[in-house]
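Just below is one structure, and these are the notes that go with it.
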There are 2 protein chains.
Amino acid sequence: MEIIQLFKALADETRMRILNLLKNGELCVCDIEDVLDIQQSNASRHLNKLKVAGLIISAKKSQWVYYRVNDEIIIKYPFIIGIINDEFGKINICEDDIERLTQHKASGASCEKRMKRP
Amino acid sequence: MEIIQLFKALADETRMRILNLLKNGELCVCDIEDVLDIQQSNASRHLNKLKVAGLIISAKKSQWVYYRVNDEIIIKYPFIIGIINDEFGKINICEDDIERLTQHKASGASCEKRMKRP
DNA sequence: ATACTATATGATTATAAGTGAATATAATCA
DNA sequence: TGATTATATTCACTTATAATCATATAGTAT
């Protein structure tokens with residue numbers, strides 16, 4: 001049952017934090033690793049689970065894979081909007097993650113820029 | 001994190017079916033057993049999990065324990081209303097369960113009446 | 001009191017899920 | 001080409017979850 005898989009995907013703190021990071025746009029795996037301070041294999045696995053559940057989609061751009069929220073699942077299950085827009089903002093760790101993401105982007109540490117260093 | 005526990009509680013077919021049965025009012029454990037055709041201990045455990053997550057509350061009335069949706073959790077997490085009111089109706093097994101519940105009630109098989117049989 | 005009913009809980013087993021380390025694959029760079 | 005980077009996948013391990021059977025508890029009926 002598809003909706004059960006949705007709930008299973010949401011029922012994990014790391015995946016919820018990932019979905020929270022993606023609420024303002026797409027990110028590549030390494031940015032998520034850095035901001036959440038988790039291992040690469042772990043990030044990849046959780047992203048795959050969110051993807052299989054239909055919550056996010058991916059797009060490969062040269063060597064990076066960008067993940068973003070899947071608009072179609074939100075049309076199909078409108079309650080997900082309520083979670084993303086209303087609930088994540090109430091959770092401390094999610095707010096902190098957004099702050100860390102902002103700093104991470106500002107610091108020039110994201111992967112495209114990392115490549116350009118000496 | 002409370003919201004993760006909510007998703008975990010929802011991320012199980014049996015518990016989702018129980019919550020669906022409770023959407024129109026309270027039920028005792030034995031009615032849930034009968035309608036879902038699950039074992040008593042199984043029903044009791046799933047009900048406890050929904051209760052610990054805050055989704056339902058219980059009230060003991062003589063020998064029966066009645067469970068019902070917890071209004072407070074719905075106020076706190078409005079997206080839950082969307083799930084109960086909009087999503088369950090789209091799921092075949094949930095619709096079938098409501099039908100079985102109706103028949104069960106009509107058949108006089110619910111526990112209070114059972115006691116009164118010869 | 002005894003028997004019965006409804007519910008909860010303990011013990012056990014089976015299955016699923018999460019993690020880290022190492023490896024594989026594919027793209028890019030020098 | 002060889003080295004490097006980003007991502008995915010496999011393996012081994014550990015923990016969490018679900019189902020079942022048996023038993024405990026509490027209320028009711030006779």
Side-chain angles (χ1 to χ4, degrees), chain A residues 1 4-18 22 26-53 56-68 104 108-118, chain B residues 1 4-19 22 26-53 56-68 104 109-118:
Chain A
M1 212 177 300
I4 298 289
Q5 298 312 312
L6 275 185
F7 290 132
K8 285 192 183 187
L10 292 166
D12 177 271
E13 183 175 315
T14 304
R15 286 192 294 271
M16 221 188 47
R17 291 172 70 192
I18 290 175
L22 296 178
E26 65 182 14
L27 292 174
C28 69
V29 184
C30 52
D31 286 337
I32 293 169
E33 287 171 54
D34 289 348
V35 175
L36 300 190
D37 193 27
I38 57 178
Q39 287 203 201
Q40 183 273 321
S41 61
N42 207 5
S44 179
R45 267 192 286 247
H46 282 304
L47 283 161
N48 186 252
K49 199 148 194 176
L50 287 167
K51 186 180 170 184
V52 169
I56 62 177
I57 58 177
S58 66
K60 185 156 193 169
K61 299 184 190 174
S62 90
Q63 75 250 231
W64 299 286
V65 178
Y66 286 84
Y67 286 91
R68 65 170 185 276
H104 183 258
S110 63
C111 35
E112 290 95 334
K113 298 185 183 165
R114 206 186 287 157
M115 296 296 290
K116 290 170 192 154
R117 287 197 214 125
Chain B
M1 213 177 299
I4 297 290
Q5 296 313 310
L6 275 184
F7 290 133
K8 286 192 183 189
L10 291 166
D12 176 272
E13 183 175 316
T14 304
R15 286 193 292 273
M16 220 189 48
R17 292 172 69 194
I18 290 174
L19 201 60
L22 296 178
E26 66 181 14
L27 291 174
C28 69
V29 184
C30 52
D31 286 337
I32 292 169
E33 286 171 53
D34 290 348
V35 174
L36 299 190
D37 192 27
I38 57 178
Q39 286 199 219
Q40 183 273 320
S41 61
N42 206 4
S44 179
R45 271 182 232 277
H46 281 304
L47 283 161
N48 186 253
K49 200 146 194 179
L50 287 167
K51 186 180 169 182
V52 168
I56 62 177
I57 57 176
S58 65
K60 185 156 193 170
K61 299 183 190 176
S62 91
Q63 75 249 230
W64 298 286
V65 177
Y66 286 83
Y67 286 90
R68 65 170 185 277
H104 183 259
S110 62
C111 35
E112 291 95 332
K113 298 185 182 166
R114 208 186 283 157
M115 296 295 291
K116 291 171 191 155
R117 287 197 217 126

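Just so it is clear: chains get the letters A, B, ... in the order the sequence lines come, proteins before strands, and each one is counted from 1.
When the nucleotides D:dT28, D:dA6, D:dT17 are ranked by their closest atom to the side chain of B:K8, D:dT17 comes out on top. Each of D:dA19, C:dT7, D:dT17 was ranked by its minimum atom distance to the side chain of B:V29; first place goes to C:dT7.
Separating the CD atom of A:E13 from the C1' atom of C:dG18 is a distance of 13 Å, rounded to the nearest angstrom. Atom NZ in A:K61 sits about 14 Å away from atom P in C:dT28, given to the nearest Å. Rounded to an integer number of Å, the gap from CG of B:L47 to C1' of D:dA18 is 15 Å. Counting to the nearest Å, the P atom of D:dA8 and the CD1 atom of A:I38 are 12 Å from each other. Distance B:Y66 OH to C:dA6 C1': 11 Å, rounded to the nearest Å. Put simply, CG on A:D37 is 14 Å from C1' on C:dT19, counting in whole angstrom units. At whole-Å resolution of the value, CE in A:M16 and C1' in C:dA17 are 18 Å apart. At whole-Å resolution of the value, CD1 in A:I4 and P in C:dA16 are 15 Å apart.
Regarding contacts with the backbone of D:dT7, every side-chain N or O of A:K60 stays at 4.0 angstrom or more from both OP1 and OP2. Taking only side-chain nitrogens and oxygens, B:N42 never comes nearer than 4.0 Å to OP1 or OP2 of D:dA18. A close approach under 4.0 Å does occur between a side-chain nitrogen or oxygen of B:H46 and OP1 or OP2 of D:dA19. Under 4.0 angstrom from either OP1 or OP2 of C:dA8 there lies at least one side-chain N or O belonging to B:Y67. For the pair B:N48 and C:dA8, the criterion of a side-chain N or O lying under 4.0 Å from OP1 or OP2 is not met. Look at B:K49 and you'll find a side-chain N or O under 4.0 angstrom from OP1 or OP2 of D:dA18. Residue B:S62 has no polar side-chain atom (N or O) positioned under 4.0 Å from OP1 or OP2 of D:dG27.
Between the side chain of B:Q40 and the base of C:dA6 there is no donor-acceptor pair of N/O atoms closer than 3.5 Å. Between the base of C:dG20 and the side chain of A:R45 there is a donor-acceptor pair shorter than 3.5 Å.
Partner assigned to C:dC29 is D:dG2, using Watson-Crick or G-U wobble distances below 3.5 angstrom.
When side chains are defined from C-beta on, A:H104 counts as touching A:D31, because their heavy atoms get closer than 4.5 Å. Side-chain atoms of A:R15 and A:L10, non-hydrogen and from C-beta on, never get closer than 4.5 Å to each other. Between B:V29 and B:E33 there is a side-chain heavy-atom pair separated by less than 4.5 Å. Counting only heavy atoms from C-beta outward, the side chains of A:K51 and A:I56 approach each other to under 4.5 Å.
Atoms NE2 and OG1, from B:H46 and B:T14 in turn, are 4.0 Å apart once rounded to the nearest 0.5 Å. Residue B:I57 holds its CD1 atom at 11.0 Å from OH of B:Y67, rounded to the nearest 0.5 Å.
Residue contacts for B:S41: at a heavy-atom cut-off of 4.0 Å it reaches a base atom on one of the strands shown. B:D12 comes within 4.0 angstrom of the backbone, heavy atoms only, and of no base. Residue contacts for A:S44: at a heavy-atom cut-off of 4.0 Å it reaches a base atom on one of the strands shown.
Where A:A11 and A:Q39 meet DNA chain C, the nucleotide closest to each residue was compared, and A:A11 sits on the side nearer the 5' end.
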